[in-house]
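Since the structure comes first, as structure tokens, the remarks are kept for the end.
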Amino acid sequence: MLLRLPNVVARRMFIILVLMVIVGLFYIYSSENKYHSCFMEGQVLATQEALTADGETNLLDDVLQADSKPSPGNSIFFHETSCRLSENRQLETLKVTARQACAIESAAMHNPNFQVFVLFAGPTYRISNNNSHPQPLVEAILSYSNVHLRRLNLESYASGTPMEEWLKDGRLSRSKYLFSHISDFLRYLTLYRYGGLYLDMDVVVLRNMEKVPPNYTGAESNTHLAAGVMNLAATGFGHEIAASCLRDFQHNFNGEDWGNNGPGVITRVAQKICGTKDIALMQEDPKRCMGFKVFGRGAFYAVPWKRWRDFFEPEKLEQTMARCKDSYVVHVWNKHSSKLPIKQGSKNAYALYAEQNCPRSYKAAGEYF
């Protein structure tokens, strides 16, 4: 049909089409760049805020510069990677959700000899000293002496590591799942820097994990390991595994695939270490994996993501508690469950786990948890 139109009309239509494509690509790039710059600007904003501080705020210390740093191999790490830079480029008051606070508190309560570091990427949050704006959830987690809140800047955090040059090429900033993939990026980088135990923010720790030998992760299914609970030693074999994870992250990074750069990384690395793709065989034959432990699903993911509602349904209480009776950690799959609030005193598994394992956060949450 286009061929029958006068040449001038055809050319105009073609030019309009090209311009529409250019505008669309520019919009996508601008959106990506907006969010990526949000993560990269934290250091600058922190410096500006520090120069004008009036005593009403406490800026979070940079994890690389703070006096109290993570103890290699003996620390627990959480990452907060949502980015809430205000329109006028002001730092916001630090906030955590009730369920994030529960994860942090449960880790601190059950592991008193480990230091728990919560690393905030993106803008540098601040804690208000103003009593007119109480922060009961922040106060609840900071009531534990082994909890430390820190900020990090992506560029400086990657500096001096195998990821320094890779970060500069922009592939991460162009990811379709930017927040998730920055979280993936940071968990492997943190384990490379410090070793220790990484935990997702949507877990509840049920027991002490200080005596569990290092170098382990858990199976999520018959085909994949998960990246929500991982422990690596700071030196030796554990550090070699962390380095392998960073190499895999670089070589196989795919910004179009949500799971490729998180569980995909540790799954591929474990397959190489263990010489098999058979998850069951990894668990049955510890010698095969040269000391790298692959826990069965019951340890960390007893309730699979497709059954996440079991944590919230009163009629599934006994069944869920029985399923998780030998678990170190329960994972409540925040991607699916975050929009489902539970009322204080509810008779479901998650409410009971919270009441028992993060009592201060559960109380501070108010009517709904």
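Within the 4.5 Å cutoff, the side chain of V303 has heavy atoms near those of the R323 side chain. Side-chain contact check for F249 versus N261: some heavy-atom pair is nearer than 4.5 Å. Looking at heavy atoms from C-beta onward, F185 lies in side-chain contact with L172 at the 4.5 angstrom threshold.
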Next on the checklist: One pair to check against side-chain hydrogen bond (donor to acceptor under 3.5 Å, both in side chains): R288 and T276. What are the steps and the verdict?
Outcome noted: CA-CA 9 Å; R288 170 181 285 277; T276 180; 4.8 Å; no
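Partners of E256 according to the side-chain contact (heavy atoms from CB on, under 4.5 Å) rule, which considers only residues two or more places apart in sequence or in another chain, are K176, N254. S145 pairs by the side-chain hydrogen bond (donor to acceptor under 3.5 Å, both in side chains) definition with nothing, not counting sequence neighbours. The side-chain contact (heavy atoms from CB on, under 4.5 Å) check on A226 picks up E220, Y301, with sequence neighbours excluded. Partners of K316 according to the side-chain hydrogen bond (donor to acceptor under 3.5 Å, both in side chains) rule, which considers only residues two or more places apart in sequence or in another chain, are D310. By the side-chain hydrogen bond (donor to acceptor under 3.5 Å, both in side chains) test, Q356 is found to be paired with no residue, residues two or more places apart in sequence or in another chain being considered. Partners of R171 under the side-chain contact (heavy atoms from CB on, under 4.5 Å) rule, at least two apart in sequence or in another chain, are W166, D169, R174, F253. Residues that satisfy the side-chain hydrogen bond (donor to acceptor under 3.5 Å, both in side chains) test with S346, not counting sequence neighbours, are absent from this structure. Here K335 pairs with nothing under the salt bridge (Lys or Arg N to Asp or Glu O under 4.0 Å) rule; sequence neighbours left out.
Going from atom CG of N260 over to atom CG of D248 covers 8.0 Å, rounded to the nearest 0.5 Å.
Contacts classified as disulfide bond (SG atoms under 2.5 Å apart) and involving residues 252-289 (residues at least two apart or in different chains) are given here: C274-C289. Annotation: salt bridge (charged side-chain N to carboxylate O under 4.0 Å, His left out) contacts involving residues 187-209, sequence neighbours excluded, comprise D184-R187, R187-D200. Sorted by first then second residue, the disulfide bond (SG atoms under 2.5 Å apart) pairs that include residues 177-266, not counting sequence neighbours, number zero. Within the structure, disulfide bond (SG atoms under 2.5 Å apart) contacts touching residues 338-369 (residues at least two apart or in different chains) are C102-C358.
T81 contributes no side-chain N or O that, together with a main-chain N or O of F120, makes up a donor-acceptor pair within less than 3.5 Å.
Each of Y362, W333, F369, W308 was checked for a ring-ring contact (aromatic ring centres under 6.0 Å, His included) with Y350, and the lone residue meeting it is F369.
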